Amino acid sequence: MNNTSSRGRPLRLWLAGQATILGGAAAMAWTHSFIPMALAGSAALMMTVPLVKAIAAGKRIRR
């Protein structure tokens with residue numbers, strides 16, 4: 001795998017999580033239930049973890 005593509009993967013996952021939140025909000029409006037938004041929020045939180053790990057790893061390398 002290319003090094004540049006692996007660097008952008010956490011950011012793409014985070015953006016996908018943000019899109020999931022928008023989808024969950026739309027589904028919440030259509031279904032009048034909080035379950036889609038709760039699931040979307042949980043998925044977005046899980047998709048944020050690789051970005052946080054990448055940022056933390058970058059800061060450790062710079063020290």
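What's counted below: heavy atoms across the whole structure, side chains too, no hydrogens, waters or symmetry copies. Since the structure is predicted, the reported quantities are computational estimates derived from the model, not experimental observations.
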- Going by side-chain heavy atoms closer than 4.5 Å, which hydrophobic residues are tied to Met46, directly or by a chain of links? none
- For Thr48, what residues pass the side-chain contact (heavy atoms from CB on, under 4.5 Å) criterion, not counting sequence neighbours? Trp14, Val52
- How far apart are the closest heavy atoms of Leu13 and Pro50, and which atoms are they? CD1-CG, 3.8 Å
- Message: For residues Leu11 and Met47: do they belong to one hydrophobic cluster (side chain heavy atoms under 4.5 Å, members Ile, Leu, Val, Met, Phe, Trp, Tyr)?
- Response: no
Identify each donor-acceptor pair in which a side-chain atom of residues 19-40 lies under 3.5 Å from a protein atom, sequence neighbours left out, and give them as a table.
{"residue": "Thr20", "atom": "OG1", "partner": "Ala16", "partner atom": "O", "Å": "2.7"}
{"residue": "Thr31", "atom": "OG1", "partner": "Ala27", "partner atom": "O", "Å": "2.7"}
{"residue": "Thr31", "atom": "OG1", "partner": "Ser33", "partner atom": "N", "Å": "3.4"}
{"residue": "Ser33", "atom": "OG", "partner": "Ile35", "partner atom": "N", "Å": "3.2"}

